[in-house]
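Remarks on the structure that follows.
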Amino acid sequence: MKKFLCLLLFLIQISIIPAILFAQQNTDPKKFALVIGNGAYKNVTKLDNPANDADDMSVVLRKIGFTVDVLFDADLHQMEDAVIRLKDRLSASDNSYGFFYYAGHGIQSNGENYLLPVDANIPTESFLRDRSISVQAVLDELNDAHNVLNIVVLDACRDNPFGWVRSTASRGLALVSHQPADSIIVYATSAGSTASDGDSGNGLFTSQLIQNLLIPGIEVSDLFKLTGADVANLSNKQQIPAIYNQFFGTAYLGEKPAGGASVLVRSAQYSNINNSPNLWSIGITAGTSFAAPFFVGTVFGTFAPFKYSFFELGMDLGLISGSKNYNYYSFSPFLHYALFVPVARAGGFFAGVGGSYNYAVLDFPDKKVPLNIVAFDAMCGFRFNMGILISYTFRTDFSTASNKLTVGYSFRY
């Protein structure tokens with residue numbers, strides 16, 4: 001009997017342990033997001049940045065493990081259907097996080113907030129309820145999912161774009177009147193205030209949020225506190241985000257903290273991030289010079305101690321002459337300083353000046369002629385979001401001149 005009981009206990013243990021281990025492996029929440037960027041409005045003022053905001057936000061959310069549904073320039077039915085899809089996904093698992101992000105026009109009426117579809121045609125305030133999507137309706141749908149946590153982020157606090165304005169339809173968005181439990185609602189700026197569309201490819205609030213979402217181990221409450229502080233500091237407190245928190249648990253939207261390290265300390269390490277587009281890079285290009293060589297290969301690195309500008313340090317290698325009478329070889333270390341004009345989060349125009357030292361060899365059949373030249377350089381180009389760049393350099397020692405055109409890739413870090 002005793003042997004039988006021991007065998008029974010042993011069988012119970014080996015059957016329970018895998019179940020426990022399996023349960024532990026599946027405790028991570030499922031994460032679903034809906035991202036909407038409405039900018040190409042047909043009947044009201046167009047907005048430049050919502051498409052960039054939504055695109056960049058969806059990329060970052062996918063990086064930290066969210067399944068993302070993203071809409072660009074959506075109409076009312078597309079927005080409503082997408083909200084219902086998000087609720088259905090969240091309803092399938094109690095242990096799930098929901099994230100709703102909207103960039104575009106948003107207005108308030110009678111204390112309720114509305115998000116405008118891209119084809120919104122609202123001649124008077126009376127039509128607002130039927131021709132836009134209510135933020136309260138979004139909150140109610142997400143609350144019906146009965147999941148762990150729902151986050152609603154609204155970068156939508158712009159002036160009322162319609163000609164009609166009554167006292168009931170004032171500036172910005174209204175306070176949240178019926179916030180569900182286990183939810184966090186974040187406005188890009190305070191209730192009753194407005195936020196600009198931004199002039200660097202992203203709205204100010206979104207530009208900071210997408211950076212901070214990638215901080216390893218940051219807890220969700222600290223994430224929005226840090227983002228709010230960044231926006232306030234960068235705008236000289238002209239734009240103060242509003243955070244309404246009805247979530248009293250602990251949640252990590254991305255990577256969990258390792259080794260019990262202090263999240264707040266590690267978050268502080270990111271508080272001085274260079275808030276210009278990421279201009280630190282290494283790269284390589286290939287092209288041609290309109291002087292002697294047919295081929296010019298360039299390796300370079302850029303570093304950015306100042307906002308919206310960078311130093312470029314590199315080396316050109318020139319090969320193959322355009323003449324049948326001699327071969328041509330050269331190397332040219334250079335240093336440039338350039339200004340950067342962003343047109344998206346990590347892309348834009350640049351132009352600058354600098355200098356180079358050029359050592360070249362003209363290899364004639366009967367002799368080699370070395371050339372040593374210190375030259376003035378003027379350069380310009382465009383860098384795309386995906387890292388591809390096109391650059392042009394004019395180089396002269398004020399007696400001769402060359403023109404270099406290259407295409408390449410830069411890795412940003």
Side-chain angles (χ1 to χ4, degrees), residues 48-49 51-53 55-60 63 196-216 226-227 229-231 233-236 266-287 296-316 332-356 376-395 404-413:
D48 293 331
N49 289 335
N52 290 333
D53 290 337
D55 188 27
D56 292 341
M57 182 63 68
S58 63
V59 169
V60 169
K63 282 184 179 180
S196 67
D197 192 29
D199 56 4
S200 61
N202 291 117
L204 175 58
F205 173 83
T206 295
S207 70
Q208 301 310 299
L209 179 57
I210 57 181
Q211 289 186 87
N212 295 336
L213 277 165
L214 294 173
I215 297 175
L226 179 61
T227 301
D230 288 343
V231 173
N233 290 335
L234 290 171
S235 67
N236 294 319
R266 289 194 292 155
S267 297
Q269 296 173 357
Y270 289 82
S271 61
N272 293 320
I273 290 176
N274 184 354
N275 290 296
S276 66
N278 189 352
L279 303 178
W280 293 69
S281 67
I282 55 175
I284 185 168
T285 64
V296 176
T298 303
V299 292
F300 67 92
T302 62
F303 54 101
F306 309 113
K307 191 172 182 180
Y308 297 120
S309 64
F310 60 86
F311 286 98
E312 180 184 47
L313 180 65
M315 172 78 74
D316 289 333
S332 304
F334 60 81
L335 177 65
H336 302 145
Y337 180 67
L339 299 178
F340 187 82
V341 180
V343 296
R345 181 167 60 92
F349 296 96
F350 59 86
V353 295
S356 60
F376 166 81
D377 293 355
M379 44 85 77
C380 63
F382 187 86
R383 189 170 74 182
F384 297 88
N385 281 353
M386 68 288 295
I388 295 173
L389 61 86
I390 301 172
S391 68
Y392 165 79
T393 302
F394 172 76
R395 181 169 289 161
K404 181 186 74 171
L405 181 65
T406 57
V407 178
Y409 180 82
S410 63
F411 172 75
R412 296 182 291 272
Y413 58 92

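Note: I390 CD1 to F349 CZ = 10.0 Å, rounded to the nearest 0.5 Å. The distance from atom CD1 of I388 to atom CZ of R383, rounded to the nearest 0.5 Å, is 12.5 Å. Atoms CD1 and OH, on I282 and Y409 in that order, are 9.5 Å from each other to the nearest 0.5 Å. The line from NZ of K404 to OG of S391 is 5.5 Å long, rounded to the nearest 0.5 Å. Interatomic distance, CG of D230 versus CG of L226, reported as 4.5 Å (0.5 Å rounding). Taking SG from C380 and CZ from F350, the interatomic distance works out to 7.5 Å, rounded to the nearest 0.5 Å.
Residues D56 and T206 fail the side-chain proximity criterion, which asks for heavy atoms closer than 4.5 Å. Using a 4.5 Å heavy-atom cutoff, the side chains of L204 and S235 are in contact. At least one side-chain heavy atom of F334 sits under 4.5 Å from a side-chain heavy atom of D316. Side-chain contact check for L213 versus M57: some heavy-atom pair is nearer than 4.5 Å. By the 4.5 Å heavy-atom criterion applied to side chains, V407 and L389 are not counted as neighbours.
Across every non-hydrogen atom of S332 and R395, the tightest pair is CB-NH1, 3.8 Å. Nearest heavy atoms, G354 versus H336: CA-CD2, 3.8 Å. The nearest pair of heavy atoms linking L339 to S309 is CD2-CB, 3.8 Å.
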Test log, rule side-chain contact (heavy atoms from CB on, under 4.5 Å), inputs V353 and F376: CA-CA 8 Å; V353 295; F376 166 81; 4.0 Å; yes

Is there a side-chain contact (heavy atoms from CB on, under 4.5 Å) between E312 and M379 once you walk through the steps? CA-CA 11 Å; E312 180 184 47; M379 44 85 77; 3.2 Å; yes

Working for side-chain contact (heavy atoms from CB on, under 4.5 Å), residues T285 and F300: CA-CA 8 Å; T285 64; F300 67 92; 3.8 Å; yes

For side-chain contact (heavy atoms from CB on, under 4.5 Å), just list the numbers for F340 and L279, CA-CA rounded to whole Å, side-chain angles, deciding distance to a tenth of an Å, and then say yes or no. CA-CA 9 Å; F340 187 82; L279 303 178; 3.8 Å; yes

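Classification of the F384-F382 ring pair by plane angle, with boundaries at 30° and 60°, yields perpendicular. The aromatic rings of F303 and F311 sit parallel to each other, their planes meeting at less than 30°, with 60° as the upper class boundary.
Checking side-chain atoms of N212 against main-chain N and O of Q208 turns up a donor-acceptor pair under 3.5 Å.
N202 and D53 share a donor-acceptor pair across their side chains, judged by distance under 3.5 Å alone. Side chains of T298 and T406: no donor on one and acceptor on the other come within 3.5 Å. A side-chain donor from one of D377 and S356 sits under 3.5 Å from a side-chain acceptor of the other.
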